[in-house]
Protein chains: 2
Amino acid sequence: MYKFKGKEYPCCASLTMGLIGGKWKTVILFYLRNTTLRYNELRKKMPTVTERTLSLQLKALEEDGIINRKVYTSKPPLKVEYSLTALGKTLIPVVQSIADWGVYTVKENEAIATKV
Amino acid sequence: MYKFKGKEYPCCASLTMGLIGGKWKTVILFYLRNTTLRYNELRKKMPTVTERTLSLQLKALEEDGIINRKVYTSKPPLKVEYSLTALGKTLIPVVQSIADWGVYTVKENEAIATKV
DNA sequence: CGGTATCCGAAGCGATACTG
DNA sequence: CAGTATCGCTTCGGATACCG
């Protein structure tokens, strides 16, 4: 049994998945893996996510200590930047491995997988 | 846009997560990564999953071509073994990376994470 | 032994409209 | 610009009982 921030997981793998699982978290981390991005920059890179969902996932990642949220202005228009924390940076090899497998699989199995 | 078995994913990372995401799939793959296991052997390694959920997750992994299901008997008591397919074996580094991060994080952050 | 059937609550996720 | 509010659908996963 593993514990992280009060939550319990039955296996070392499920601990990781508890933090980066779900439909969008790895995508966010993939785009933040080597840069800092503003909210709207992330949205443009992920055109099919809704504002609400992106907002919720960013908040969850922030609460788990994986990303930083930095606000630069006090009045609208706001400027908010997201980046990886030190803990988040340790996830880069994991996210890269996940992304690489997607690319690899599409290349090796063109009969069942394609890049559109 | 990426396609795999008819499903569409907006990013190479989400393709992978579509196949191994969810609460239990990576745990199953973790235990199958270097061996073949029977249904009940998996259950014993994952005591907190219900029969129904384990069964559904195994079926989903089988349909995606990640694991093999081999039946050895025709009458009860049945003997069924699960193992990785060739495609499933290509996921081993990914699963290992996910599992390793869980172990690493528990070791490096004992204040917020522990192995019970 | 290796599952299914049924039922159910919780969570995930989306669409749209609105706001400081 | 960077979000929230509201609403509702859909999926996930759990509990229990039953079956070939």
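In this text, all values refer to a predicted model and were calculated from it rather than measured experimentally. Proteins come first, then strands; the chains are lettered A, B, ... in the order of their sequence lines, and each starts at number 1.
Counting non-hydrogen atoms of neighbouring residues, nucleotides and ligands closer than 6.0 angstrom, the NZ atom of B:Lys5 exceeds 12 such neighbours.
Helix-axis bend for the helix from C:dC1-D:dG20 to C:dG20-D:dC1: the local axis fitted to the five terminal pairs at one end deviates from that at the other end by 60°, rounded to 10°.
A donor-acceptor pair is defined here as one N or O able to donate and one able to accept, closer than 3.5 Å; such a pair exists between the side chain of B:Thr85 and the backbone of B:Gly65. Side-chain N or O atoms of B:Thr26 include none that pairs as donor or acceptor with a backbone N or O of B:Ile20 at under 3.5 Å. In this structure, A:Ser14 contributes its side chain and A:Cys11 its backbone to a donor-acceptor pair below 3.5 Å. A donor-acceptor pair under 3.5 Å is absent between the side-chain atoms of B:Ser55 and the main chain of B:Glu51, judged by distance alone.
If you check every strand for non-hydrogen atoms under 4.0 Å, B:Tyr72 touches nothing. Residue contacts shown for B:Lys75 are absent, as no nucleic acid heavy atom lies under 4.0 Å away. A:Lys59 comes within 4.0 angstrom of sugar-phosphate atoms only, judged by non-hydrogen atoms across all strands, and of no base.
If you check residues 7-21 of chain A against DNA chain D, you find no residue with a heavy atom closer than 4.0 Å.
Distance, A:Arg43 CZ to C:dA15 P: 11 Å, rounded to whole Å. Residue B:Lys44 contributes atom NZ, which lies 12 Å from atom C1' of C:dG2 at whole-angstrom precision. Straight-line distance from the CZ atom of B:Arg38 to the P atom of C:dG3: 10 Å, rounded to whole Å. Distance, B:Leu54 CG to C:dT4 P: 11 Å, rounded to whole Å. Atom pair B:Asn40:CG and C:dG3:C1' shows a separation of 10 Å (rounding to whole Å applied). The NZ atom of B:Lys23 sits 14 Å away from the P atom of C:dA10 (whole-angstrom rounding). For the pair B:Met46 CE and C:dG2 P, the interatomic distance rounds to 15 Å; values are reported in whole Å.
In this structure, the side chains of B:Leu29 and B:Val94 stay at 4.5 Å or more apart for every pair of heavy atoms.
Take B:Asp100 and apply the side-chain contact (heavy atoms from CB on, under 4.5 Å) test, not counting sequence neighbours, and it matches B:Gln96. Not counting sequence neighbours, the partners of A:Thr50 by the side-chain hydrogen bond (donor to acceptor under 3.5 Å, both in side chains) test are A:Thr53. Legend: residues meeting side-chain contact (heavy atoms from CB on, under 4.5 Å) with B:Lys79, ordered by chain and number and at least two apart, are B:Arg38, B:Tyr72, B:Thr73, B:Glu81.
Each of A:Glu81 and A:Arg52 lies near DNA chain D, and the nucleotide nearest A:Glu81 is the one positioned closer to the 5' end. When each of A:Gln57 and B:Glu41 is assigned the nucleotide of DNA chain C with its nearest heavy atom, B:Glu41 is the one assigned upstream, toward the 5' end. Ranked by how close their nearest DNA chain C nucleotide is to the 5' end, A:Pro77 and A:Leu56 are led by A:Leu56.
Close approach of DNA chain D to chain A, defined as any atom under 4.0 Å from a non-hydrogen atom of the protein, starts and stops at D:dC1 to D:dC7.
Residue B:Asp64 holds its CG atom at 10.0 Å from CG of B:Leu91, rounded to the nearest 0.5 Å. In this structure, CD1 on B:Ile66 lies 6.0 Å from CG on B:Leu87, to the nearest 0.5 angstrom. Taken from NZ in A:Lys45 to CD1 in A:Ile28, the straight-line distance is 13.5 Å, to the nearest 0.5 Å.
Look at B:Ser55 and you won't find any side-chain N or O under 4.0 angstrom from OP1 or OP2 of C:dG3.
Here C:dG20 is the nucleotide among C:dG2, C:dG20, C:dC13 with the atom lying nearest to any side-chain atom of A:Leu78.
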